[in-house]
Colleague: 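One structure, pasted below without further comment.
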Amino acid sequence: MDVSFLGGPRPQRGVGVVAPFDFALDRELWRWVPDEVSLHLTRTPFVPVEVSLDLARLVSEHETLHDAVQALAAVAPEVVAYACTSGSFVGGVAGERAMCAAMSQAGEIPSLTTSGALLEALREIGARRIAVVTPYTQSVTDSLEEYLAEGGMTVTGRAYLGLTRHIWKVPYRDVVDMARQAVVGATDALFISCTNLPTYDVIPQLEAELRMPVLSANQVTMWAALRAIGAQAVGPYQALLDPAARSGPAGMSVSPSGPLPVTDPVVESMLGVVEAVESVVDEPEAALAGAASPGPDGDPADGLDPGFGTGLGEGPYLDDSGGPAVG
């Protein structure tokens, strides 16, 4: 059969992505990508090290990045993004810039990292006072705070989970709970760290509730990569992606007498979802994923390992488990 009348395939634009070996959220990255752009992912080699500053350094070594970018260069992406927050902030601002230079030299392709994209995004929305949410241990969270300070940002509050594995299984309600803990005082924006932590659907809900822009690791990575090739990331009512949202309900401050009235039907619908999340989070036995009952595969029903512990630090968990997971 003659199919020449179809005229395809359409020209393809490519974005290369280097991710840590245990990255599990390929599908989430794709949700920010418009139809005319393809993602080309590769991963760093496996190393049997639990999530820590040591692991962050291992997955961001220049030799490792060189090999990954050279592999991606075979399919000619227009830009390469290193999708790992901890791996790109562990060396500070100078270390992040050196990573970009090493990747660009390896493939002769413009390159960026998640942490570099974060600073770019914060400047884009005019934010300097930042609340931070992470799934990391305290030491890794401290390193993120140091990186932000070096980039001219002030961390106003933070919450962390202390996890060392299975970060991609954290449910949205735990992210919401941490956000409420972290946002205190005068805050311009909230950042949810780790490319292995799911965030796509929770961003507009939190923006509607907290009345401020909410950024996440995967969001800023895709925003910056697509912007670098003249394309635009797609996402429902996310302040970073839609300048109009920054002056709408998500950009408003909460009044002394309480939240401002909601008149936008879309935002009203989002708030309804947030209230539904609240009703679940407020249940004492469901508030912490560590209290969940096991599912059929032996893991808790909410997807978190009971080895994560039940102690309280600045977040719901202590760093008392092993196994690799970075982002």
Side-chain angles (χ1 to χ4, degrees), residues 17-25 28-29 43-62 64-65 68 81-100 102-103 111-122 130-151 153 155 158-170 175 178 182 190-199 215-222 224 308 313-315 317 319 321-327:
V17 178
V18 179
F21 61 89
D22 65 341
F23 179 72
L25 300 182
E28 175 164 287
L29 291 184
R43 283 166 169 75
T44 62
F46 171 79
V47 288
V49 179
E50 68 177 15
V51 66
S52 59
L53 293 176
D54 288 339
L55 182 58
R57 295 184 184 101
L58 284 172
V59 297
S60 59
E61 290 178 342
H62 289 192
T64 298
L65 297 177
Y82 176 62
C84 180
T85 326
S86 60
S88 53
F89 67 60
V90 69
V93 170
E96 189 277 333
R97 290 173 181 164
M99 291 177 65
C100 290
M103 290 192 296
S111 301
L112 57 92
T113 74
T114 297
S115 294
L118 168 60
L119 293 181
E120 183 182 350
L122 290 171
I130 316 302
V132 171
V133 163
T134 90
Y136 311 132
T137 59
Q138 180 178 340
S139 61
V140 182
T141 304
D142 289 345
S143 184
L144 170 59
E145 187 168 348
E146 292 165 6
Y147 174 82
L148 287 168
E150 193 179 351
M153 307 298 164
V155 174
R158 68 183 194 175
Y160 61 90
L161 293 177
L163 304 186
T164 59
R165 57 179 175 176
H166 297 173
I167 289 173
W168 67 89
K169 296 182 179 181
V170 174
V175 177
M178 280 197 296
L190 169 69
F191 173 58
I192 307 171
S193 190
C194 188
T195 55
N196 228 2
L197 184 66
T199 58
L215 309 181
S216 80
N218 282 333
Q219 180 205 44
V220 299
T221 304
M222 288 296 95
F308 292 146
E314 289 186 50
Y317 303 95
D319 52 343
S321 64
V326 295

Colleague: So how far is it from Leu118 CG to Phe191 CZ, rounded to the nearest 0.5 Å?
Modeller: 4.5 Å
Colleague: Start with the C-alpha distance between Leu29 and Met222, add both sets of side-chain angles, then the distance that settles side chain to side chain contact (heavy atoms under 4.5 Å, CB included), and finish with yes or no.
Modeller: CA-CA 7 Å; Leu29 291 184; Met222 288 296 95; 4.0 Å; yes
Colleague: Please report the shortest heavy-atom distance between Ala121 and Val220, naming the atom on each side.
Modeller: CB-CG1, 3.7 Å
Colleague: Short question: side chain of Thr195, backbone of Asn218 - any donor-acceptor pair under 3.5 Å?
Modeller: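 Flag not set: sc Thr195 to bb Asn218 has no pair under 3.5 Å.
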Colleague: Who pairs with Thr113 by side-chain hydrogen bond (donor to acceptor under 3.5 Å, both in side chains), at least two apart in sequence or on another chain?
Modeller: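 Thr113 satisfies side-chain hydrogen bond (donor to acceptor under 3.5 Å, both in side chains) with Glu96 only.
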Colleague: Report yes or no: does Glu28 contribute a side-chain atom to a donor-acceptor pair with the main-chain N or O of Thr199 at less than 3.5 Å?
Modeller: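 The answer is yes, because a donor-acceptor pair under 3.5 Å joins these two groups.
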Colleague: Quick check: closest heavy atoms across Pro135 and Ser193, and the distance to 0.1 Å?
Modeller: CD-O, 3.5 Å
Colleague: Which distance, rounded to the nearest 0.5 Å, do you find between the CG of Leu58 and the OG of Ser52?
Modeller: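 That separation rounds to 7.5 Å.
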Colleague: Go through the steps to decide whether Val59 and Tyr82 satisfy the test side chain to side chain contact (heavy atoms under 4.5 Å, CB included), and finish with yes or no.
Modeller: CA-CA 10 Å; Val59 297; Tyr82 176 62; 3.5 Å; yes
Colleague: Say you draw a straight line from CE of Met99 to CE of Met103; how long is it, rounded to the nearest 0.5 Å?
Modeller: 5.5 Å
Colleague: Could you tell me which non-hydrogen atom of Thr221 sits nearest to which non-hydrogen atom of Leu112, and how far apart they are?
Modeller: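 Nearest pair, atom of Thr221 first, then Leu112: O-CD1, 4.2 Å.
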Colleague: Is it the case that the side chains of Thr141 and Thr134 hold a donor-acceptor pair, with the cut-off being a distance below 3.5 Å and no angle test?
Modeller: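 Yes, Thr141 and Thr134 have a side-chain donor paired with an acceptor closer than 3.5 Å.
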Colleague: Taking the side chain as C-beta and beyond, is there a heavy-atom pair between Leu148 and Glu145 under 4.5 Å?
Modeller: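 Leu148 does not reach Glu145 side chain to side chain.
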Colleague: So does Val90 get a backbone contact from the side chain of Arg57, meaning a donor-acceptor N/O pair under 3.5 Å?
Modeller: no
Colleague: How close do Thr44 and Pro20 get, heavy atom to heavy atom, and via which atoms?
Modeller: OG1-CA, 3.5 Å
Colleague: I need the minimum non-hydrogen distance between Ser86 and Val140, along with the two atoms involved.
Modeller: CB-CG1, 4.1 Å
Colleague: Please check: side-chain N/O of Asn196 versus main-chain N/O of Asp22, any donor-acceptor pairing under 3.5 Å?
Modeller: yes
Colleague: On a heavy-atom basis, which atom in Leu53 and which in Ser143 lie closest, and how many Å separate them?
Modeller: CD2-CB, 3.7 Å
Colleague: Let me confirm one number: the NZ-CG distance from Lys169 to Leu163, rounded to the nearest 0.5 Å.
Modeller: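 Here the interatomic distance stands at 12.0 Å.
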Colleague: Give, for atom SG of Cys84 and atom CG of Leu55, the distance between the pair rounded to the nearest 0.5 Å.
Modeller: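 Nearest 0.5 Å value for the SG-CG distance: 8.0 Å.
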Colleague: Describe, in one word, how the ring planes of Tyr147 and Phe89 are oriented to each other, choosing from parallel (under 30°), tilted (30 to 60°) and perpendicular (over 60°).
Modeller: tilted
Colleague: Would Thr85 and Thr114 count as having a side-chain donor-acceptor pair, cut-off 3.5 Å?
Modeller: no
Colleague: Looking at the rings of Tyr160 and Tyr136, which for Trp means the six-membered one, are their centres under 6.0 Å apart?
Modeller: no
Colleague: For Ser60, does its backbone N or O pair with a side-chain atom of Thr64 as donor and acceptor, under 3.5 Å?
Modeller: no
Colleague: CG/Leu197 to CE/Met178 distance, rounded to the nearest 0.5 angstrom?
Modeller: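 If we round to the nearest 0.5 Å, Leu197:CG and Met178:CE are 6.0 Å apart.
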